[in-house]
Amino acid sequence: KKERKEKLMPVSTKQLTICDFSSDFEKFFNQNQTNLLTLLDKFIDISSYIPHSFYKSYYRQFGRDRKYSLESMISFFILKNILCISSIDTMINILSLSSELRSYCGFFKIPHKSQFSRFKSEFLDDINNLFHNLVDYTEDISKVVNPFLSSILITDTTGFEHYVKENNPKFYQGFLSKAKAYKKVLSKTNDAINFNIDKHAQSHMPKSASSNKDSKLCFLNGHFGYFQKTIISTNGFGLIRDINFYEADNNLSIDLTPNEIKDIYDAKSLIPTLETFFSYHPNLEYKYFIGDSGFDADDNYAYLHEKNIMPIIAINPRNSTNKLPSKLNEVGVPLCPKDDSLAMVYDGITRQKNRADRIKYICPKAKKTRLNGKTTYLLNCESPCTKSKCGKIKQLTIHHNYRYNSSFPRDSLKWIKLFKLRTRIERTISQIKNFVQIRSLKIQNTKSLKSEIILACISQLIAFILLYHVKDDFKNPLAIKALAA
């Protein structure tokens, strides 16, 4: 029986050793990355994008005899991000296995991890200047590929978590437990009726992390945390145009909900962010601005109107500072004087010399048509409001109410199609966070985190340039994963 059992037992598999794994991985990695490295060598010249000021800063301390060149350090981070390597440690290990990758980066000897950390913390401003150089370069490519999408500016806010103890979920639970205990004490009196446990816990959380004062308490992605708040702008492609680390007051008010506090930050951050962006790129012009309801504020509409940019911003129902004018529906379209269920029809913008621009709406029962080569209106109404052949006409002056008097109605097909493009910035933010891999990096230093984020944006622009040269159809200009395939 023992002999029979031994025959029926499956043959044990060969046990792998780290040497076997290393050799197999090196073969696989070299076979799949040769094409990418060849394309990078052929189409990307890193030195042509680096500002002269960056060279001066980098070589000022040790002169031209630095062991590792500036191009090598930047190439390291670009390659790490394009290949979606989770950490610098992992990337160093991969470089030690692949001579091709070492050769591309220009490393005869792989730098120590601390070299890359110092690079990020010491040259933040120069890395930012490199990013803006690439923005100007890729702007010309965007206009060649699709002038319409390159005329759109999309902005959204996000945050990158710092590696601090306060971001541990148990930290907030501690304050929540104390608030629940406090409510039990108040339950003996009538004071517990209006007591909100969540708001009480949130109001007692520290406004910044103990190990990093730049890591401030914010409400993002549906929860509280200690983030590096960031405002990102892209064009219609989803190609990053600007990244701004705008700081604002983060005091929590008991009278406001977390979403209302976030809306206030979003509304206040837009104008300073765009002012900074246009100071870097004064020659860039955009026709449309797309943003979510967090940017729904009168000052933002007025600013965009002065810049000749058409705002595509959703109405924020929580914004109660501006009451809806009478005889307008929920999206700001005038209603028929005799029937509130009928919205008037948008008929373009009226522009006259020495007069403010006005939005023209006509009777919903009037039809615009061409007869004998002329534009005319046909009215089909039993009890018209006026004697005019085209029925009632309503002219809304844009600057009287920027928020509701949008250049074309929010319920129009054109507005809806444009607003749907806003999802592209969300995919871009997800892509950048995938590059950064913040949970794996465990970065505490603010400068290093900002540099890591900007380097991720630089990697996206480099990949865009590469895809432009490689892809003939260019249907998906941000399909960076295809480069490593």
Side-chain angles (χ1 to χ4, degrees), residues 40 43-55 57 70-71 74-75 77-78 81-82 120 123-158 160 230-246 269-291 304 307 309 421 424-429 431-433 435-436 450-469 474 477-478 480:
L40 286 169
F43 296 111
I44 303 298
D45 181 11
I46 297 296
S47 60
S48 63
Y49 309 125
I50 300 175
H52 181 65
S53 59
F54 200 168
Y55 280 110
S57 300
L70 177 58
E71 293 87 350
I74 295 173
S75 298
F77 285 102
I78 290 174
N81 291 328
I82 290 179
K120 290 187 294 183
F123 302 109
L124 171 61
D125 293 336
D126 295 298
I127 292 171
N128 190 47
N129 290 334
L130 169 61
F131 165 72
H132 286 289
N133 261 17
L134 282 165
V135 168
D136 287 328
Y137 185 84
T138 53
E139 184 69 19
D140 296 333
I141 297 176
S142 298
K143 290 177 180 179
V144 171
V145 175
N146 192 318
F148 172 70
L149 291 178
S150 63
S151 69
I152 298 173
L153 187 67
I154 312 172
T155 300
D156 199 6
T157 58
T158 187
F160 295 83
T230 309
I231 301 95
I232 293 179
S233 297
T234 71
N235 59 13
F237 285 110
L239 192 65
I240 292 181
R241 303 291 81 193
D242 184 51
I243 183 161
N244 193 297
F245 303 102
Y246 178 72
S269 63
L270 180 62
I271 295 177
T273 298
L274 293 184
E275 279 291 290
T276 304
F277 171 61
F278 286 117
S279 68
Y280 276 106
H281 311 281
N283 297 324
L284 297 190
E285 296 181 353
Y286 295 95
K287 186 176 181 181
Y288 301 102
F289 171 86
I290 303 176
L304 293 169
K307 291 284 187 181
I309 301 174
L421 294 175
R424 299 196 175 188
I425 193 171
E426 294 176 353
R427 291 195 290 270
T428 296
I429 291 173
Q431 184 183 74
I432 296 303
K433 289 186 176 182
F435 283 164
V436 173
K450 289 181 178 179
S451 293
E452 193 74 48
I453 296 168
I454 297 173
L455 284 165
C457 298
I458 289 172
S459 302
Q460 191 215 44
L461 300 183
I462 292 293
F464 176 80
I465 298 170
L466 190 58
L467 284 164
Y468 171 72
H469 290 292
F474 209 66
L478 298 181
I480 295 176

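Keep in mind that this is a model prediction, so the values were computed, not measured.
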Enquirer: I want to check something: taking the side chain as every heavy atom from C-beta on, are I74 and F54 in contact at a cut-off of under 4.5 Å?
Expert: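 Answer yes - side chains close enough.
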
Enquirer: Run the side-chain contact (heavy atoms from CB on, under 4.5 Å) test on F464 and L134 for me, step by step, so that the C-alpha distance in whole Å, both residues' side-chain angles and the decisive distance to 0.1 Å come before the verdict.
Expert: CA-CA 10 Å; F464 176 80; L134 282 165; over 6 Å; no

Enquirer: Under 4.5 Å between any side-chain heavy atoms of L149 and S142, yes or no?
Expert: no

Enquirer: For the pair E452 and F160, evaluate side-chain contact (heavy atoms from CB on, under 4.5 Å) and give the outcome as yes or no after the intermediate values.
Expert: CA-CA 11 Å; E452 193 74 48; F160 295 83; over 6 Å; no

Enquirer: Mind checking whether P51 and D126 have side chains closer than 4.5 Å, heavy atoms only?
Expert: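 No; the side chains remain at least 4.5 Å from each other.
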
Enquirer: Could you pull out all residues at least two apart from D125 that satisfy side-chain hydrogen bond (donor to acceptor under 3.5 Å, both in side chains)?
Expert: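 Listed in chain order: nothing, the list is empty.
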
Enquirer: Any side-chain heavy atom of Y286 sitting closer than 4.5 Å to one from R241?
Expert: yes

Enquirer: Side-chain contact test, heavy atoms from C-beta onward, threshold under 4.5 Å: evaluate it for T157 versus I231 and give yes or no.
Expert: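 In short, these two side chains touch, coming nearer than 4.5 Å.
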
Enquirer: Just by distance, do the side chain of E71 and the backbone of I50 share a donor-acceptor pair under 3.5 Å?
Expert: no

Enquirer: Show the nearest heavy-atom pair for residues I425 and I154, with the distance to one decimal.
Expert: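 The answer is CD1-O, 3.4 Å.
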
Enquirer: Which atom pair, heavy atoms only, marks the closest approach of T428 to I240?
Expert: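 Shortest heavy-atom contact: CG2-CG1, 3.6 Å.
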
Enquirer: Work out which heavy atom in D136 is nearest to a heavy atom in H281; give both atom names and the distance.
Expert: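 So the two residues come closest at OD1-ND1, 2.7 Å.
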
Enquirer: Measure the shortest side-chain to side-chain distance between T230 and I429 over non-hydrogen atoms and say whether it is less than 4.5 angstrom.
Expert: no

Enquirer: Give, for atom NZ of K307 and atom CG of L153, the distance between the pair rounded to the nearest 0.5 Å.
Expert: 11.5 Å

Enquirer: Nearest 0.5 Å, please: how far is NZ in K450 from CG in L455?
Expert: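 The NZ atom of K450 is 14.0 Å from CG of L455, to the nearest 0.5 Å.
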
Enquirer: If I compare all heavy atoms of N81 with all of S459, which pair ends up nearest, and what's the gap?
Expert: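 The answer is ND2-OG, 2.9 Å.
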
Enquirer: Taking side-chain hydrogen bond (donor to acceptor under 3.5 Å, both in side chains) as the test, write out the residues that go with D45, two or more places apart.
Expert: S47

Enquirer: Rounded to the nearest 0.5 Å, what's the gap from OG1 on T155 to CZ on F289? Could you check?
Expert: 4.0 Å

Enquirer: Could you go step by step and tell me if I46 and I462 meet the side-chain contact (heavy atoms from CB on, under 4.5 Å) rule?
Expert: CA-CA 9 Å; I46 297 296; I462 292 293; 4.3 Å; yes

Enquirer: Could you measure the distance from the OH atom of Y137 to the CD1 atom of I141? Nearest 0.5 Å is fine.
Expert: 5.0 Å

Enquirer: Taking side-chain hydrogen bond (donor to acceptor under 3.5 Å, both in side chains) as the test, write out the residues that go with T158, two or more places apart.
Expert: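 Scan of T158 (side-chain hydrogen bond (donor to acceptor under 3.5 Å, both in side chains), adjacent residues dropped) gives K433.
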
Enquirer: By side-chain hydrogen bond (donor to acceptor under 3.5 Å, both in side chains), which residues pair with S451, not counting sequence neighbours?
Expert: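 In terms of side-chain hydrogen bond (donor to acceptor under 3.5 Å, both in side chains), with neighbours along the sequence ignored, S451 is linked to no residue.
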
Enquirer: side-chain contact (heavy atoms from CB on, under 4.5 Å) between Y468 and V144: does it pass, once the steps are laid out?
Expert: CA-CA 10 Å; Y468 171 72; V144 171; 4.0 Å; yes

Enquirer: Excluding sequence neighbours, so at least two apart, what forms side chain to side chain contact (heavy atoms under 4.5 Å, CB included) with N128?
Expert: F131, H132, Y280, I454

Enquirer: Which residues pass the salt bridge (charged side-chain N to carboxylate O under 4.0 Å, His left out) test with E285, sequence neighbours left out?
Expert: none

Enquirer: Distance check, rounded to the nearest 0.5 Å: L461 atom CG versus L239 atom CG?
Expert: 5.0 Å

Enquirer: Return the CD1 to CD1 distance between I458 and I453, rounded to the nearest 0.5 Å.
Expert: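 So the CD1 of I458 and the CD1 of I453 are separated by 12.5 Å.
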
Enquirer: Are F237 and N146 side-chain neighbours, meaning at least one heavy-atom pair lies under 4.5 Å?
Expert: yes

Enquirer: Taking C-beta and beyond as the side chain, do E139 and N283 meet within less than 4.5 Å on heavy atoms?
Expert: no

